[in-house]
Enquirer: 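My structure is below; once you've seen it, I'll send some questions.
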Amino acid sequence: MRPILLQGHERSITQIKYNREGDLLFSVAKDPVANAWYSVNGERLGTYNGHTGAVWCVDADWDTKNVLTGSADNSCRLWDCETGKQLALLETSSAVRTCGFDFSGNIIMFSTDKQMGYQCFLNYFDLRDPQQIEDNQPYLSVPCNESKITSAVWGPLGEFVIAGHENGEINQYSAKSGEILKAAKEHTKQINDIQTSVDLTMLISASKDCTAKMFDSTNLEHIKTFKTERPVNSAAISPNMDHVVMGGGQEAMEVTTTSTRIGKFEARFFHAAYEEEFGRVKGHFGPINCVAFHPDGKSYSSGGEDGYVRIHYFDPQYFDFELEA
């Protein structure tokens, strides 16, 4: 099966995300447009227009009613998924790096960058309270003094946010008090991406230290490590197989110094239990910045530095594949 190529961005992809049912795929890039696609055939449903800078992150809520985007234009915006209408604009003093809806879709979190003399903050808003949106006052704002947040996801039951930092730490920030509940320092360098498993019991972190690691999301216990020779930009856990997909390559700025043959711009598949690599998928003309599994596990997508999103459907033999122990 040939991959479906989605050409909707003119800059490199920063994040791609499926909604819960998996019928839609959202993509954002270093251009101001957020795109929504039908994942089954790669048709573009529409765009969310309004940002004036690179868009770093995107998320859809549980019933795909709203979409959240965070951008380098120092704003986090809430959109109506179906119509593309902007519902809320939350202005910040620095770029918004990560964003996400909790399980109920009522509470959003986003983190801002440490830049231009401003601190890195993790902000929580309750969408049921229009006053918070109007006054641009989060009900909770947690300063991160040590090291800025580079990736963040909601933990199970919406009780805390799991955040990865520039120095390789992973912390749980309570959504009620803002205090750090648990912390883990297994990575030696910056965490580029954190994704949870479909049931939110596990998370996988991709790091610049050339590894991806799997953790228990409630106690942050380190479970598995997947090693490569290159920095890992993104990693995702399959919803129905014991598989992990990782995308990496070099930093975008170092790409020109190597040929594509040794550029290693493949998506790499590892067995989650044995930590063994069992497959690679070529295709991108630059490092892969983001990978995501379809919620039914029958396909996966990757977004690259080349500005393309590729949807790959697995062949039938993929599902019969057993790793010989």
Side-chain angles (χ1 to χ4, degrees), residues 3-18 25-37 39 42 44 47-59 67-77 94-99 111 113 115 148 150-152 164 166 189-195 206-208 210 212 228 230-236 245-268 281-292 300-312:
I4 304 171
L5 218 63
L6 311 184
Q7 303 170 293
H9 295 283
E10 44 208 43
R11 294 271 182 278
S12 55
I13 305 294
T14 49
Q15 194 175 31
I16 54 177
K17 202 164 259 178
Y18 285 96
L25 177 64
F26 299 93
S27 65
V28 290
K30 289 180 185 170
D31 54 22
V33 191
N35 285 320
W37 312 83
S39 65
R44 180 154 72 169
T47 59
Y48 303 98
N49 301 331
H51 279 297
T52 55
V55 188
W56 287 116
C57 54
V58 64
D59 196 24
V67 177
L68 192 64
T69 53
S71 162
D73 64 7
N74 298 358
S75 75
C76 184
R77 293 173 199 240
S94 56
V96 178
R97 179 69 55 177
T98 66
C99 65
S111 73
D113 268 358
Q115 64 188 49
K148 76 165 196 181
T150 49
S151 179
E166 202 169 27
K189 289 188 182 156
Q190 171 179 323
I191 290 174
N192 290 327
D193 183 34
I194 291 183
Q195 293 192 34
S207 168
K208 225 175 184 170
C210 306
T228 65
R230 308 265 157 170
V232 186
N233 293 340
S234 181
V245 64
M246 286 155 58
Q250 315 101 308
E251 288 285 312
M253 51 199 184
E254 291 157 14
V255 168
T256 48
T257 56
T258 55
S259 81
T260 47
R261 201 176 65 247
I262 55 171
K264 298 278 184 294
F265 302 138
E266 300 123 326
R268 309 174 64 161
V281 179
K282 286 193 184 67
H284 283 283
F285 290 100
I288 294 175
N289 289 341
C290 193
V291 289
Y300 86 97
S301 301
S302 54
E305 192 67 33
D306 53 9
Y308 291 106
V309 178
R310 302 171 77 98
I311 303 179
H312 299 259

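Keep in mind that what you see is a predicted model, and the values were worked out from it rather than measured. Note that these values count all heavy atoms, side chains included, but never hydrogens, waters or copies made by symmetry. Position 1 is the first residue of the sequence; numbering continues from there.
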Enquirer: When you measure from the side chain of S151 to the backbone of I194, do you find a donor-acceptor pair of N or O atoms at a distance under 3.5 Å?
Expert: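 Looks like yes, one N/O pair under 3.5 Å.
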Enquirer: Is the closest side-chain heavy-atom distance between S301 and L25 below 4.5 Å?
Expert: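 Yes; the side chains approach each other to less than 4.5 Å.
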Enquirer: Do S12 and N289 come within less than 4.5 Å of each other through their side chains, counting heavy atoms only?
Expert: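 They are in side-chain contact.
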Enquirer: Checking D59 now: which residues fulfil salt bridge (Lys or Arg N to Asp or Glu O under 4.0 Å) with it, not counting sequence neighbours?
Expert: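 With sequence neighbours excluded, D59 shows a salt bridge (Lys or Arg N to Asp or Glu O under 4.0 Å) to K17, given in chain and number order.
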Enquirer: Identify the two heavy atoms, one from H284 and one from G303, that lie closest to each other, and give their separation to 0.1 Å.
Expert: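 Taking every non-hydrogen atom into account, CE1-C, 4.0 Å.
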Enquirer: So, taking the atom named CD1 in I13 and the one named SG in C290, what distance separates them when rounded to the nearest 0.5 Å?
Expert: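 I13 atom CD1 to C290 atom SG measures 9.0 Å (nearest 0.5 Å).
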Enquirer: Kindly compute the distance separating CG (N35) from CD (Q7), expressed to the nearest 0.5 Å.
Expert: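 Answer for the CG-CD pair, N35 versus Q7, is 11.5 Å.
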Enquirer: Taking it one step at a time, do V291 and S302 satisfy side-chain contact (heavy atoms from CB on, under 4.5 Å)?
Expert: CA-CA 4 Å; V291 289; S302 54; 4.0 Å; yes
Enquirer: Could you check H51, H9, R11 and say which one makes a side-chain hydrogen bond (donor to acceptor under 3.5 Å, both in side chains) with D31?
Expert: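 Option passing the side-chain hydrogen bond (donor to acceptor under 3.5 Å, both in side chains) with D31: H9.
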Enquirer: For a quick test of reading the model, state the closest non-hydrogen atom pair linking W56 to A95 and the distance between them.
Expert: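 Nearest heavy atoms, W56 then A95: NE1-CB, 4.3 Å.
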Enquirer: What distance do R268 atom CZ and T228 atom OG1 have between them, rounded to the nearest 0.5 Å?
Expert: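 With rounding to 0.5 Å, CZ (R268) is 5.5 Å from OG1 (T228).
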Enquirer: Is R310 paired with D306 through a side-chain N to carboxylate O contact shorter than 4.0 Å?
Expert: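 Salt bridge absent between D306 and R310.
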Enquirer: Treating D193 as the side-chain partner and S234 as the backbone partner, does any N or O pair qualify as donor plus acceptor under 3.5 Å?
Expert: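 It does not hold such a pair.
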Enquirer: Closest heavy-atom contact between A292 and Q195?
Expert: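 For A292 and Q195, the tightest heavy-atom pair comes out as CA-OE1, 4.4 Å.
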Enquirer: Determine the minimum heavy-atom distance between N233 and N192, stating which atoms define it.
Expert: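 What the structure gives for the nearest pair is O-CB, 3.4 Å.
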Enquirer: Which residues pass the salt bridge (Lys or Arg N to Asp or Glu O under 4.0 Å) test with R97, not counting sequence neighbours?
Expert: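 Listed in chain order: D113.
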Enquirer: Residues two or more places apart in sequence or in another chain: which of them pass ring-ring contact (aromatic ring centres under 6.0 Å, His included) with Y308?
Expert: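 By the ring-ring contact (aromatic ring centres under 6.0 Å, His included) rule, Y308 matches no residue at all.
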Enquirer: Where do Q190 and K148 land on the side-chain contact (heavy atoms from CB on, under 4.5 Å) test, with the steps shown first?
Expert: CA-CA 10 Å; Q190 171 179 323; K148 76 165 196 181; 5.8 Å; no
Enquirer: How close do V58 and C99 get, counting heavy atoms only, and between which atoms?
Expert: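 That would be N-SG, 4.0 Å.
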Enquirer: Locate the shortest heavy-atom distance separating C57 from T98; write the atom from each residue and the value.
Expert: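 Scanning both residues, the minimum pair turns out to be SG-C, 3.4 Å.
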Enquirer: By ring-ring contact (aromatic ring centres under 6.0 Å, His included), which residues pair with Y300, not counting sequence neighbours?
Expert: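 Checked Y300 against ring-ring contact (aromatic ring centres under 6.0 Å, His included); matches are F269, H312, F314.
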Enquirer: How would you list, by chain and number, every residue that makes a side chain to side chain donor-acceptor pair (under 3.5 Å) with T14, sequence neighbours excluded?
Expert: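 For T14 there are no side chain to side chain donor-acceptor pair (under 3.5 Å) partners, ignoring immediate neighbours.
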Enquirer: Could I get the full list of side chain to side chain donor-acceptor pair (under 3.5 Å) partners for E166, not counting sequence neighbours?
Expert: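 For E166, no residue satisfies side chain to side chain donor-acceptor pair (under 3.5 Å) once neighbours in sequence are set aside.
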Enquirer: Counting C-beta onward and ignoring hydrogens, is there a side-chain heavy-atom pair between Y48 and V67 closer than 4.5 Å?
Expert: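 In short, these two side chains touch, coming nearer than 4.5 Å.
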Enquirer: Does T47 use its side chain to pair, donor to acceptor, with the backbone of A34 at less than 3.5 Å?
Expert: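 Such a contact is absent between T47 side chain and A34 backbone.
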